[in-house]
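Here is the structure we will look at, set down as structure tokens.
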4 protein chains.
Amino acid sequence: MSISFKNDYGQLAHPRILEALARYGQQTNIPYGLDSHSENASRLILDIFGARQGKTFFLAGGTQTNMVFISSVLRPFQGVLSCASGHINVHETAAVEGTGHKIYVVPGNGGKLYPQDIENAVKANLDEHMVQIKMVYISNSTEIGTIYSKQELLDLRKACDKYGLYLFIDGARLGSALTSKANDVEPSLLGKVADAFYVGGTKNGLLYGEALVIVNPDLQTDFRYHIKHKGAMLAKGYGLGIQFEEAFKDGLYFEIAKKTNDMASLLREGCLELGLDVGTSPTNQIFITFPKEAAIALINEYGCEKWEEKEDKMTIRFVTSFMTTEEEVKEALVYIKNLIGA
Amino acid sequence: MSISFKNDYGQLAHPRILEALARYGQQTNIPYGLDSHSENASRLILDIFGARQGKTFFLAGGTQTNMVFISSVLRPFQGVLSCASGHINVHETAAVEGTGHKIYVVPGNGGKLYPQDIENAVKANLDEHMVQIKMVYISNSTEIGTIYSKQELLDLRKACDKYGLYLFIDGARLGSALTSKANDVEPSLLGKVADAFYVGGTKNGLLYGEALVIVNPDLQTDFRYHIKHKGAMLAKGYGLGIQFEEAFKDGLYFEIAKKTNDMASLLREGCLELGLDVGTSPTNQIFITFPKEAAIALINEYGCEKWEEKEDKMTIRFVTSFMTTEEEVKEALVYIKNLIGA
Amino acid sequence: MSISFKNDYGQLAHPRILEALARYGQQTNIPYGLDSHSENASRLILDIFGARQGKTFFLAGGTQTNMVFISSVLRPFQGVLSCASGHINVHETAAVEGTGHKIYVVPGNGGKLYPQDIENAVKANLDEHMVQIKMVYISNSTEIGTIYSKQELLDLRKACDKYGLYLFIDGARLGSALTSKANDVEPSLLGKVADAFYVGGTKNGLLYGEALVIVNPDLQTDFRYHIKHKGAMLAKGYGLGIQFEEAFKDGLYFEIAKKTNDMASLLREGCLELGLDVGTSPTNQIFITFPKEAAIALINEYGCEKWEEKEDKMTIRFVTSFMTTEEEVKEALVYIKNLIGA
Amino acid sequence: MSISFKNDYGQLAHPRILEALARYGQQTNIPYGLDSHSENASRLILDIFGARQGKTFFLAGGTQTNMVFISSVLRPFQGVLSCASGHINVHETAAVEGTGHKIYVVPGNGGKLYPQDIENAVKANLDEHMVQIKMVYISNSTEIGTIYSKQELLDLRKACDKYGLYLFIDGARLGSALTSKANDVEPSLLGKVADAFYVGGTKNGLLYGEALVIVNPDLQTDFRYHIKHKGAMLAKGYGLGIQFEEAFKDGLYFEIAKKTNDMASLLREGCLELGLDVGTSPTNQIFITFPKEAAIALINEYGCEKWEEKEDKMTIRFVTSFMTTEEEVKEALVYIKNLIGA
């Protein structure tokens, strides 16, 4: 594969991340995440995301982070609300249920949840014969590339407060959301609206790693026990600290994210000019609709994923990564133009 | 800390491992462990460990590997037999129990289990009011540095067969066991005696990663589902493949292990000459007894862990790593000699 | 409350059930369900339900039976398909998820699942990143009083076979389903179409108890271990055996069920004559729509449950039990007539 | 079997319990334990056991009660301390581990735990790599018939307070403990020393049922959710209320318990006179040692359970129940006398 739009985790890591690992390769560090790199990375993250009273915990992957955090908060009979397209509901092999908790699913709209969804869900679960909803799970950017506005997040917070619910934000692609041209959310809003959120590394140029920020002090207690109990504590935790330190010490994290968005925009606008339906995603996952044969050719050529099929049309997903270059996008646009004979 | 004998996971990785990661840093790979590096590493491992019908799965850490594998095999009411010092019993924050399974504990002897332990455990659990033991868990090398002989492993296999039990070998430090001067086990014996075992990377010079080999075909089915379900599937699985490929393509894995053993031997023999009780461990974890004050000084100086205290004596653990040099050991021996006034 | 239509478990037990318990009250029996009463009851049930190769296990309640059976069959990453109104999805406080398994929910139609639902669900869950559906759960009669026809059950069996799924039938109100005037299912069909089903006692005149029939021999192994492991094995298991023996030795079970249906029919037809919307349920749960004020009066008078509200109308549920008499129904009809001024 | 010393749950129920069930057989009651009988029984129990601020919850069996309560209290990474002979450790098919929690086992002494055991266990589990012990589980009377003294219970409470642990008392045979001639514990002490305890019905003449008293208000919240979530909420919960109301309204519970103790004493003293080793149990489970052949004959004759075998001696367990009569004991003593030729 010379050019790939399959996903944003098809290459090991941004060169600067690998360089940082090499730089500290033989340095002796305290294990299990109690090292100075992790501490430093944590401080940088809490500052940027407006969560100075929070605590940061570094884990290896997104499903793991969701599973460990959600199960650490809920009591056995409690559940988490998600929209139907939520990653925990669709693409985690029932990992959350595996820890004993129901995901209460509502359709949502455009990959997002709204206050009315919360209210409906709470009111449908009245007594001890039904699951008790205690947490709201959202993703930003969502699984279909959309993002939450500042007002929408504030409204969700308000609805959560009204019903005594925790708000957890899956930020596997938080970088892409916050650097989107359509975004009006300051990073520091995260620390204000969420009880916890995670800042995704794996899909943003790191070798591995997600930074979970637990803002709500009630949820921080003994969290390291939860990590270890779920097999998620890395002996060489400083490997995570080194990467996140590099990513946040001078803005590399957002620089990578912005670049993926820019490349996606370039591709999306090019396709729009070709008269294609390019969807509404303002982030690094875009969904473009082609005549079926063209779509299949593109899947074969660039590793795109099939998203939806309707009559003779097929919508496919393009994802740009930290490796995607302007030249690649332009080459792809030429290929697409030829393909559809526009 | 200039010199450390705290553990074998205090430095990121052997230079060759980091070089391999850098080499493939921007190569595009299929995610989730389905890449060619993982395939290649798997083939090398299955060859070396005599398990050509086996399947290799790469996971991030030891507790995770134990937890995912054990829970994938046992039905809800079944348990696993371990000796009291077993890592799953002591140092995994009840991760196995967290998946719903009892660890049935027997004292064992010198960190090891014997056929009689198995027979006793099975006979003590007779009917549906008691846990049904279905798996035997051992570590090689053990948590106290000892190793199993070929005959001991064959005898355990026989006992497992007699009672219909699976035999699982935790190889967090398998390299050290198999390259010990006291060892008579060929790597290829593993594939013959165990239903499954794992080849530890984290404690043997890798950045992260354990290679789980499931030999018994009955236990291979749908194992990737189990990995994902427990939050243990890395998106960038090829990062594991690249490391294990490098470690096994020309013997680096065993070279690292042998060196840690050699350094531990050097230290142990030096201490023996100083008249100290140096225990019996023939691997890279050694347990040496000092007057209490000297022990405390060594803990402060080298990060050794306190193991046991008896009257005015204290036994402390020294662990050598891929970074430990002959110079460091010699310097430490001088320090020890001065300390105890020998 | 003189007359109650609240539910079918508001009185301890049918007089003959209590008499049977009294008859054997001081008889010494083997504990834990290994007694001759349980054996006898099991044989009667397997005969009647066409499952001579099956095994019967007696448990105390419906949620427990669903939870123990479903979790005994599924491997950790597997899930069960249910329609949205399924009891396991709505009214069991996430007990199934509590055992680690996802309930994959589809809307269904009229409280029932159809082959197309199965096909859609299977096709939506393709690989190891999604839950693996392995069982189909249906209720007969359903949570909204509807029943499956013979053809519908045969079709579901076929769809399950096509995709390698188990079919499990929740028979909390199986008696009412099989004695409904609208029913064309012979009891012996259950043993042919289902891998397992349960014959509900609690809602059919017993003091407590459900008879789970596991037809598929693969699913019978070690099931007593599962029961005990989930805290569901009664020491005085013969108390269950005595009740089911009495219920099935001469048809009492179906006699009770038929009577509840007859009383519900009487009430439903009376309301139909009064011009009310009486729904389509042919079993002992019926759903009748009233002007809101009348509905509230009926809730207060008879303990009916509110089901749905639309503008100025409210649908409420009437349930008849083994205690409901013709006099009570007639009295209620007079009350209703006066209430709505018909 | 004319005479049985197999267990104390071989007959359905004391005649007065069955009469009470018959008396209320057709009375309409609110389901799920919210009825007036349960309320009344609860008040009686809280008064007697000195727990007026407590709450009583009725469950069907002992393993279930242990499992539901323990799992309701512990967070995922926490465990419960038990002595090796503890019912939860030996005879519950790993039900507690099935809910995800480790049972940390210490040998104990005479079936009992002591403050030193608690201190040792807490000190052996230091950090997040080990299970966090949060609860102490004891049984009174114990699984080998012994009982705790008032001072021993107060000392355990003190040790629990010192380490921030909950104390839970399994009272499957609490009646027998509290009516033993050797007992110095007032029932009202239970409400003072325990965070929770249960008053066993199944082994004390009830058809089924255990009354769990949660004294500590922190542990009461949402407990009904836990019951339902574990499949343990009976629809006809008033069946439990009716039985416990009858048992506690005028002392029947203790009367039954005392009688079982008296019958066991009679048997034990008779055997002592015959020169046999009769152990030290002052409750309704006694352990008597016979020449092996005699022991086997008694097992066949009376259903006694084999407990231990040493050379040519065998210790067997005799349990007296609410049905055991003085005539039966005397007849058995004659049989034993003849058997051993004394």
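First the proteins, then the strands, lettered A, B, ... as listed; each starts at 1. Every heavy atom of this structure was used, including side-chain atoms; hydrogens, water molecules and symmetry mates were not.
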message: What part of B:Met130 gets within 4.5 angstrom of chain C, counting heavy atoms only: side chain, backbone, both, or neither?
response: backbone
Structural part of C:Thr99 lying under 4.5 Å from a heavy atom of chain B: neither
query: Would you call the rings of B:His226 and C:Phe77 parallel, tilted or perpendicular if under 30° counts as parallel and over 60° as perpendicular?
result: perpendicular
task: Heavy-atom distances under 4.5 Å only: say whether B:Arg224 touches chain C with side chain, backbone, both or neither.
output: both
- prompt: Say you draw a straight line from CD of C:Gln132 to NE2 of B:His229; how long is it, rounded to the nearest 0.5 Å?
  reply: 11.5 Å
- prompt: Is the count of non-hydrogen atoms from other residues, nucleotides or ligands lying under 6.0 Å from B:Lys158 atom NZ greater than 12?
  reply: no
Region of B:Asp222 in contact with chain C, defined by heavy-atom distances below 4.5 Å: both
field: Distance-minimising heavy-atom pair for C:Pro76 and B:Ser71
entry: CG-O, 4.0 Å
message: So for atom CD, which belongs to B:Gln53, do other residues, nucleotides or ligands contribute more than 12 heavy atoms lying within a distance under 6.0 Å?
response: no
message: As an exercise, state the distance from CG of B:Leu34 to CD of C:Glu128, rounded to the nearest 0.5 Å.
response: 6.5 Å
- prompt: Is the number of heavy atoms from other residues, nucleotides or ligands within 6.0 Å of NZ (B:Lys192) greater than 12?
  reply: yes
message: If we define contacts as heavy-atom pairs under 4.5 Å, which of C:His129, C:Lys230, C:Lys228 has the most with chain B?
response: C:His129
